[in-house]
Amino acid sequence: MDKFSTHTGIAVPLRRSNVDTDQIIPAVYLKRVTRTGFEDGLFAAWRNDETFVLNQAAYEKGSILVAGPDFGTGSSREHAVWALQNYGFKVVIGSRFGDIFRGNSGKAGLVVAEVGTDVVEKLWEIAESEPGIEFTVDLHHCTIEAADNVFAFTIDDYTRQRLLEGLDDIAVTLQHADAITAYEATRPSFLPRTIPAKIAG
Amino acid sequence: MICKLYAAETYVHHSFSNGVPMGKTLSDKVWDNHVVRTAAGEPDLLYIDLHLVHEVTSPQAFDGLRLAGRPVRRTDLTLATEDHNTPTINILAPIADPVSKVQVDTLRGNAAEFGVRIHSLGDLDQGVVHIIGPQLGLTQPGLTVVCGDSHTSTHGAFGALAFGIGTSEVEHVLATQTLTQARPKTMAVNVNGELPHGVTAKDIVLTLIAKVGTGGGQGYVVEYRGSTIEALSMEGRMTICNMSIEWGAKAGMMAPDETTFAYLKGRPHAPEGADWDEAVAYWKTLYTDTDAVFDAQVDIDATQLAPFVTWGTNPGQGVPLSATVPSPEEFTDPVDRSAAERALTYMDLVAGTPMRDIHVDTVFLGSCTNGRIEDLRLAASVIAGHKVADGVRMLVVPGSARVRLQAMAEGLDKVFTAAGAEWREAGCSMCLGMNPDQLAPGERSASTSNRNFEGRQGKGGRTHLVSPPVAAATAIRGTLSSPADL
Ligand code: SF4
């Protein structure tokens with residue numbers, strides 16, 4: 001994963017609540033076996049609507065999404081994160097997120113910045129009053145600079161550190177391989193195993 | 001420091017209050033039993049007892065292992081099946097959609113290469129991933145269960161701590177059999193009283209979500225408890241836990257009891273002999289201590305419940321079947337109001353219309369919410385002797401190949417086909433419309449699945465979430481109905 005420190009880019013106001021992961025990328029777009037190429041499925045149902053924000057020239061090259069409450073609820077599909085990243089988004093700002101989406105974002109390197117609904121409202125106003133305006137998101141200080149304002153956002157500290165350092169989670173965990181092995185030695189024998197299969201198949 | 005510790009409270013252990021030890025909740029007991037490593041300011045490293053895998057969320061994870069030269073650490077705690085993309089007719093012919101075929105073939109190749117047990121299409125134990133785990137007896141009380149699928153919460157009905165994960169985490173579990181997780185808060189949902197006739201587990205959970213909202217459970221592991229829950233079958237309990245994610249909960253759990261043990265006894269992977277006794281003795285310790293404290297509570301009076309259906313585009317937008325389509329003005333919160341406006345437009349509904357007057361084109365009976373044998377029995381008992389209304393298509397998709405066989409052994413397939421319904425092979429099918437079973441644009445369904453999101457069952461499709469008996473009665477009358485309307 002690449003290190004993240006600060007990012008400056010065009011802010012896209014997405015004035016909708018409850019944008020579930022089926023809206024971010026519908027199931028029919030989930031069939032690829034790679035981590036790339038999902039940008040065509042991003043908000044697929046809405047991209048036909050010419051008034052949709054990403055279809056407006058000023059926002060087309062956006063990289064900071066300002067979303068309504070309960071963004072990324074529903075399905076666990078990490079494809080939703082990849083679709084946003086494949087399109088070019090580096091940061092999603094919002095007041096409430098689906099837990100799995102937030103977790104997936106942290107793992108995949110998309111910054112999920114949490115702010116109050118009042119801040120979302122202000123950011124929407126700024127991004128709409130000056131379409132194409134760039135915001136700067138600073139992960140060191142947890143701030144969003146928009147026009148002449150600076151807003152603080154929250155992100156859990158562990159995820160923030162990992163994003164700043166660009167750490168590979170699996171490598172970090174494997175440093176504790178001895179602890180895992182030790183734990184395994186304590187597991188009772190009645191716990192189920194999938195192999196051998198005890199069925200006719 | 002500007003950065004607040006967002007999850008600070010989640011690192012606090014619940015078992016101490018002012019230094020006085022307190023009882024533990026069910027989820028804390030299971031959590032504590034799985035901590036491999038804990039360190040201040042970091043999430044815990046949790047051991048995973050059972051990892052279920054399917055074709056959609058795993059290819060990139062196996063790729064990652066290959067790139068790093070890592071094996072699957074515990075193939076004996078891993079199980080794969082094909083469900084999301086698979087067709088429900090002509091299942092032995094090659095999959096017609098070339099992209100779906102590549103995804104399924106990729107899973108088969110990965111399973112062979114990494115030594116993971118797989119139940120492929122045509123196999124007796126193939127089926128929706130959350131149906132086959134319990135059916136095989138692999139899902140047991142006290143386990144940690146994960147899958148790259150949000151409805152993994154289903155397995156919590158056994159007293160397991162079960163939750164959905166993304167593909168990066170799938171790779172992490174494959175490589176390490178662990179996950180780093182911040183300890184969630186705990187919530188009790190107390191459901192008490194006898195359910196009125198014709199009201200099912202599905203109605204309980206749909207009512208709950210309408211009450212607390214789709215974000216109401218965010219950050220919590222929920223324990224469903226109370227006399228109503230205790231009286232439910234394992235099937236009904238799974239229906240409720242299944243939809244925990246629809247109100248944002250990390251997981252849903254229920255304390256295991258005699259119903260749980262009776263369900264498990266004799267299943268292929270259930271413990272046997274002395275192991276069984278040892279397991280049951282352990283399982284009996286899995287309950288919330290009387291002096292444990294939940295971070296939040298919700299109460300539901302089951303005696304007041306009625307068949308419940310959704311009118312909107314998220315599972316929280318629901319009303320009793322006897323009600324009318326609400327007006328956006330009824331919502332005081334501006335966000336809810338604009339969501340209602342959008343939903344009514346998308347659903348092509350007019351406020352004030354009685355729910356019972358809404359015509360559907362399709363009825364879908366199936367999914368990991370309501371695709372188990374009890375669901376099929378219930379729907380068949382309603383539909384027996386009736387016909388599916390003209391112009392309505394009804395798809396019956398058993399949740400697994402074994403549910404399908406069981407239903408056929410009981411003659412349920414004949415009941416459905418005699419009524420004019422289509423009897424299909426097992427899989428996710430129209431629950432998410434990744435295979436050819438989809439709604440056409442503008443079509444409306446009554447569906448026993450779990451999500452009524454825009455386009456979920458096919459682009460432009462409109463979904464009303466319902467219970468199996470409501471699905472069956474709706475198929476007969478062609479408008480949203482309960483068996484009492486027949
Ligand atoms: S049946 Fe539906 S909800 Fe369940 S796993 Fe399949 S797609 Fe997901």
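Values reported hereafter were calculated over all heavy atoms of this structure, with side chains retained and with hydrogens, waters and symmetry mates removed. Labels below follow one simple rule: chain letters A, B, ... track the order of the sequence lines, proteins then strands, and each chain is numbered from 1.
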Checking heavy-atom separations under 4.5 Å from chain B, one finds in residues 85-98 of chain A A:R96, A:F97, A:G98
A:K31, A:H176, A:R32, A:E78: which one forms the most heavy-atom pairs within less than 4.5 Å of chain B? A:K31
Relative to chain A, which of B:G455, B:G142, B:S100 shows the most heavy atom pairs under 4.5 Å? B:S100
B:R74 versus chain A, heavy atoms under 4.5 Å apart: side chain, backbone, both or neither? side chain
So do A:S76 and B:E169 actually touch side chain to side chain, heavy atoms under 4.5 Å? no
Chain A contact via B:F163 - side chain, backbone, both or neither, heavy atoms under 4.5 Å: neither
Would you mind checking if A:R35 and B:E171 are paired as a salt bridge, meaning a charged N to carboxylate O distance below 4.0 Å? yes
Which bit of B:R37 is near chain A, if near means a heavy-atom gap under 4.5 Å: side chain, backbone, both or neither? side chain
Could you tell me if the side chain of B:L77 sits less than 4.5 Å from the side chain of A:E184, heavy atoms only? no
Which atoms of B:D63 come close to chain A, meaning under 4.5 Å heavy atom to heavy atom: side chain ones, backbone ones, both, or neither? side chain
Side chains of A:T194 and B:H51: does their closest heavy-atom pair fall under 4.5 Å? no
Min side-chain heavy-atom separation B:T176-A:I180 under 4.5 Å: yes
Among the options B:V102, B:L143, B:T78, B:V170, pick out the one with the most heavy-atom pairs lying under 4.5 Å from chain A. B:T78
Between A:D168 and B:R70, is there a salt bridge with N-O shorter than 4.0 Å? yes
Under a 4.5 Å heavy-atom cutoff, which of A:V28, A:T186, A:L174, A:T117 has the most pairs with chain B? A:L174
Taking the side chain as C-beta and beyond, is there a heavy-atom pair between A:Y183 and B:T178 under 4.5 Å? no
Ion pair present between A:D99 and B:K250, side-chain N to carboxylate O less than 4.0 angstrom? no
So, the side chain of A:N104 versus the backbone of B:G166: is there a donor-acceptor pair under 3.5 Å, distance only? yes
Atom group of B:N33 that falls short of 4.5 Å from chain A, counting heavy atoms: backbone
Contact leader toward chain B among A:L30, A:V172, A:V81, where contacts are heavy-atom pairs under 4.5 Å: A:L30
Go through the atoms of A:N48 and report whether side chain, backbone, both or neither lie under 4.5 Å from a heavy atom of chain B. side chain
Between B:R73 and A:T181, do the side chains contain an N or O donor and an N or O acceptor separated by less than 3.5 Å? yes
In terms of heavy-atom pairs under 4.5 Å with chain B, the winner among A:R187, A:R77, A:H79, A:K107 is A:R187
Between A:D169 and B:T180, do the side chains contain an N or O donor and an N or O acceptor separated by less than 3.5 Å? no
Would you mind reporting whether A:Q23 and B:T313 have side-chain heavy atoms less than 4.5 Å apart? no
Does B:E278 reach the main-chain N or O of A:S189 with its side chain, forming a donor-acceptor pair under 3.5 Å? no
If you define the side chain from C-beta out and look only at heavy atoms, does anything of B:N314 sit under 4.5 Å from A:T73? no
